[in-house]
Novice: 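I am attaching a structure below and will ask some questions about it afterwards.
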Protein chains: 2
Amino acid sequence: MYNEIDYTLMATVRDVAERAGVSPITVSRVINNAGYISGATRAKVEAAIAELGYVPNTLARSLRSKRSHTLAFITTDITNPFFTSMARGIEDAASAAGYTVLFCNTDESVEKEDRYVRLLLQKQTDGILLVPAGSSPRSVDLLRSQDTPVVVLDRAIEPLKADVVRCDSVRSSYDLIRVLLERGHRRIAALGGPVGISTADDRIAGYTHAMKEAGLPTRDLVIYGQFTESSGFEMAQSVLALSPRPTGLFATNNFVALGAIRAIEAHGLRIPQDVSVVAFDDVPPVLAQYAFLTVIAQPAYQMGQKAVELLLQRLQDEAPPEYRQVILPTHLIVRGSVGLAPDARGSVVTAPK
Amino acid sequence: MYNEIDYTLMATVRDVAERAGVSPITVSRVINNAGYISGATRAKVEAAIAELGYVPNTLARSLRSKRSHTLAFITTDITNPFFTSMARGIEDAASAAGYTVLFCNTDESVEKEDRYVRLLLQKQTDGILLVPAGSSPRSVDLLRSQDTPVVVLDRAIEPLKADVVRCDSVRSSYDLIRVLLERGHRRIAALGGPVGISTADDRIAGYTHAMKEAGLPTRDLVIYGQFTESSGFEMAQSVLALSPRPTGLFATNNFVALGAIRAIEAHGLRIPQDVSVVAFDDVPPVLAQYAFLTVIAQPAYQMGQKAVELLLQRLQDEAPPEYRQVILPTHLIVRGSVGLAPDARGSVVTAPK
DNA sequence: TTGTAAGCGTTATCAC
DNA sequence: GTGATAACGCTTACAA
């Protein structure tokens with residue numbers, strides 16, 4: 001019996017080494033540009049690599065070196081333009097640093113999230129970018145127990161045991177409500193998201209703060225639901241049925257806003273003549289010219305980039321021991337969906353100091 | 001010297017085996033539900049797995065089994081809603097079959113595509129879903145040389161050496177132009193994409209066919225550019241400067257359409273009173289209610305699903321030896337962006353048989 | 001500057 | 001039903 005080389009199989013370092021008349025480790029050094037290699041040896045090895053059409057096996061490399069150079073982005077729905085931009089920011093930053101990214105959609109289900117986290121752990125993913133589906137630190141804890149660093153995006157979870165990149169939902173919502181108050185609106189309803197999700201809670205908190213500060217009641221005007229279009233439709237239906245009808249609507253998310261607009265149209269009401277609308281999240285940049293909603297735009301792409309930056313720092317032990325919280329600034333864009341309150345009788349509330 | 005077990009390190013099959021008093025291979029069988037295992041043994045092993053918090057290492061598994069259970073989707077820009085939906089269809093189908101998906105953006109650059117293909121090859125990706133950046137079969141050839149199956153999406157490349165899932169751009173464009181012809185338009189300009197990209201070429205072909213059939217000239221009315229908003233803007237600028245001005249515009253892609261609309265507005269013209277517009281690709285489903293463009297909608301999500309189906313068949317050797325071409329039906333949606341030609345004097349072209 | 005030996009964590013193969 | 005052994009392709013540690 002003799003060694004039989006099957007040239008139909010994919011070449012390995014061993015094959016290349018044999019062909020170049022060197023040892024496998026020398027081939028490895030050439031591939032990785034590591035250590036000292038003489039020009040002649042390098043040339044021989046590179047020739048052999050070309051002749052055999054050799055492609056290094058990253059799996060084997062990762063197994064040995066304990067680094068997969070793969071990150072994962074777990075989000076609720078990549079189809080939401082907000083998360084699509086974020087994903088693009090993540091991909092660009094990761095790719096520039098030599099990492100590839102796995103994308104996972106949880107559809108706001110903690111079970112799916114849990115399944116993905118376990119899968120990614122098995123795949124030896126170096127780090128995870130997570131938009132948590134729930135409010136519990138469960139996934140973060142599981143990842144920490146396996147020494148896999150996480151950066152939490154968009155939403156906060158308590159207690160804080162990971163770096164976080166997000167925006168200030170409380171403050172931004174406050175600003176949005178002020179836009180309505182300054183135009184004389186006094187009955188303003190808030191269409192909320194899922195209770196427990198930090199962004200949902202914070203946005204309601206910002207609304208409540210602005211209303212209380214203006215001495216206005218919020219009873220019956222706050223309603224909770226899901227971050228979906230159908231939920232937005234239903235929530236809007238129910239607040240539009242109130243008497244007297246609110247003159248301002250605050251949609252806490254882009255999908256909710258779309259549902260709300262549909263409901264307003266279904267009621268035969270006009271925006272902004274009958275009802276003014278403000279919302280969180282802008283339309284995708286490419287559609288910006290058709291936008292008519294007054295919104296708080298969040299820097300999704302930059303959030304993705306920043307999160308990767310923090311994650312890579314952790315992976316390279318360049319991060320401080322304590323967890324960091326990066327709050328990126330939002331951008332208020334006032335458009336045609338807001339107008340003076342129809343019932344404003346000169347009693348327009350002015351901006352506080 | 002004795003064997004020292006470091007419990008701070010991640011547990012392996014060996015650790016689990018030791019703890020359960022069985023051999024590593026038995027643990028492997030339990031994990032994979034393969035072969036015969038007695039209930040008692042299985043229980044012991046599962047207990048040990050739980051106690052140690054054992055997580056199998058997929059890298060090692062893949063190295064040995066030659067299956068990474070990972071697919072990759074290479075597209076030009078995930079930020080384009082058309083590709084976002086496609087990505088979601090891919091993710092859902094792949095995930096249901098136990099595969100994870102890597103997403104790669106090439107920004108229409110063949111160099112980036114090439115780099116990604118090599119990277120994915122190194123990562124032992126089981127199969128690739130490719131929206132080719134160029135017209136050459138280069139990437140497909142490279143993948144074939146390494147026995148990695150590919151399914152080409154959206155665009156055709158010649159010669160055909162892979163399964164393809166796409167729509168009929170020629171026929172769909174023809175239908176779109178007929179909408180204009182039937183409303184009396186005679187001067188219709190086409191804003192094309194990059195020459196060489198099959199969808200771009202096919203859409204112009206469909207346009208040309210409809211025009212020729214109606215006995216209308218196309219000279220000076222066809223212009224080529226990129227599938228971007230800025231290119232759409234520039235192309236529209238130049239055709240709107242023609243004299244006599246075209247009364248109908250055909251944008252061969254969603255981004256091109258957005259640029260065209262911006263140019264029309266910049267010229268102080270109204271849609272559809274002065275210019276009617278038809279385009280390829282619908283707005284994202286969630287924004288459908290604000291859509292006013294007459295479009296050909298392509299079933300992006302289903303295209304993604306179907307492509308994964310074909311790819312998995314290849315991976316499981318359930319596919320026929322010849323390459324398959326799946327043409328999915330498109331959907332014509334007539335909306336307010338088209339009207340009667342301003343210069344139509346009763347001479348409206350009627351539909352052919 | 002280059003090489004030897006060993007092992008990363010898993011599973012294929014064959015044996016009992 | 002279960003186990004011993006080797007091997008997947010690469011790189012770390014140590015030598016020369």
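When reading the values below, keep in mind they use all heavy atoms of this one structure, side chains included, and skip hydrogens, waters and symmetry mates. Numbered from 1 within each chain, the chains take letters A, B, ... in sequence-line order.
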Novice: Rounded to whole angstroms, how far apart are CG on Leu121(A) and P on dG9(C)?
Specialist: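 Rounding to the nearest Å, CG of Leu121(A) and P of dG9(C) are 15 Å apart.
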Novice: State which of dC10(D), dT10(C), dG3(D) makes the closest approach to the side chain of Ala60(B).
Specialist: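 Between dC10(D), dT10(C), dG3(D), the one nearest the side chain of Ala60(B) would be dT10(C).
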Novice: Output the rounded distance in Å from CG (Asn57(B)) to P (dG7(C)).
Specialist: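 Atom CG in Asn57(B) sits about 18 Å away from atom P in dG7(C).
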Novice: Can you tell me if the side-chain N/O atoms of Thr41(B) get under 4.0 Å from OP1 or OP2 in dT2(D)?
Specialist: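 Yes, within the criterion.
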Novice: Return the nearest nucleotide to the side chain of Tyr54(B); candidates are dG9(D), dT4(C), dT10(C).
Specialist: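 Taking heavy atoms from C-beta onward, the closest nucleotide is dT10(C).
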Novice: dT10(C) phosphate, OP1 or OP2: any side-chain N/O from Ser28(B) under 4.0 angstrom?
Specialist: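 Indeed not, no polar side-chain atom of Ser28(B) lies that close.
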Novice: Whether the Lys123(A) and Thr70(B) side chains hold a donor-acceptor pair (N or O, under 3.5 Å, no angle test) is what I'd like checked.
Specialist: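 There is such a pair between these side chains.
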Novice: How about Arg42(A): does its CZ atom have over 12 heavy atoms from other parts shown lying under 6.0 Å from it?
Specialist: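 Correct, the count exceeds 12.
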Novice: Arg64(B) side chain N/O closer than 4.0 Å to the phosphate oxygens (OP1, OP2) of dA7(D)?
Specialist: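 So the side chain of Arg64(B) is outside the cut-off, no N or O lying under 4.0 Å from OP1 or OP2 of dA7(D).
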Novice: As a test of reading the structure: which of dG3(C), dT11(C), dG9(C) is closest to the side chain of Ser23(A), going by heavy atoms?
Specialist: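 Selected nucleotide: dG3(C).
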Novice: How many whole angstroms separate atom CD1 of Ile31(B) from atom P of dT10(C)?
Specialist: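 Result: 6 Å.
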Novice: Hey, what's the ring geometry for His69(B) with Tyr99(B), parallel, tilted or perpendicular (30° and 60° as the breaks)?
Specialist: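 If you compare the ring of His69(B) with that of Tyr99(B), the planes turn out tilted.
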Novice: Is any NZ, NE, NH1 or NH2 atom of the basic residue among Asp114(B) and Arg118(B) found under 4.0 Å from an Asp or Glu carboxylate oxygen of the other?
Specialist: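 So Asp114(B) pairs with Arg118(B) through a salt bridge.
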Novice: What's the closest nucleotide to the Thr26(A) side chain, out of dT2(C), dT11(C), dT10(C)?
Specialist: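 The listed nucleotide nearest to Thr26(A)'s side chain is dT2(C).
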Novice: Could you check how far CD1 of Ile49(B) sits from P of dG9(C), rounded to whole Å?
Specialist: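 Going from CD1 in Ile49(B) over to P in dG9(C) covers 16 Å.
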Novice: Separation of Leu63(B) atom CG from dC8(C) atom C1', in whole Å?
Specialist: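 To the nearest whole Å, that distance equals 9 Å.
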Novice: Do the side-chain N or O atoms of Ser38(B) get closer than 4.0 angstrom to the phosphate oxygens (OP1, OP2) of dT2(D)?
Specialist: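 For dT2(D), OP1/OP2 do have a side-chain N/O of Ser38(B) under 4.0 Å.
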Novice: Find the distance Lys123(A):NZ to dC8(C):P and express it as a whole number of Å.
Specialist: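 Going from Lys123(A) (NZ) to dC8(C) (P), I get 22 Å.
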Novice: Look at the side-chain N and O atoms of Lys66(A) and state whether any lies under 4.0 Å from the OP1 or OP2 oxygen of dG9(C).
Specialist: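 Indeed, a polar side-chain atom of Lys66(A) lies that close.
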Novice: Nearest to the Arg29(B) side chain among dG3(C), dC10(D), dT2(D), which nucleotide is it?
Specialist: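 Nearest to the side chain of Arg29(B) among the choices is dT2(D).
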Novice: Write down the distance between CD (Gln124(B)) and C1' (dG9(C)), rounded to a whole number of angstrom.
Specialist: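 These atoms are roughly 16 Å apart.
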Novice: In whole Å, what is the span from the CG atom of Leu59(B) to the P atom of dT10(C)?
Specialist: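 It is 10 Å, rounded to the nearest whole Å.
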Novice: Please tell me which of the listed nucleotides, dT10(C), dG1(D), dA12(C), lies nearest to the side chain of Tyr36(B)?
Specialist: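 My answer, after comparing the listed nucleotides, is dG1(D).
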Novice: With no hydrogens and no angle check, just 3.5 Å: does a side-chain donor-acceptor pair link Ser23(B) and Thr26(B)?
Specialist: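 Yes, a side-chain donor-acceptor pair sits under 3.5 Å.
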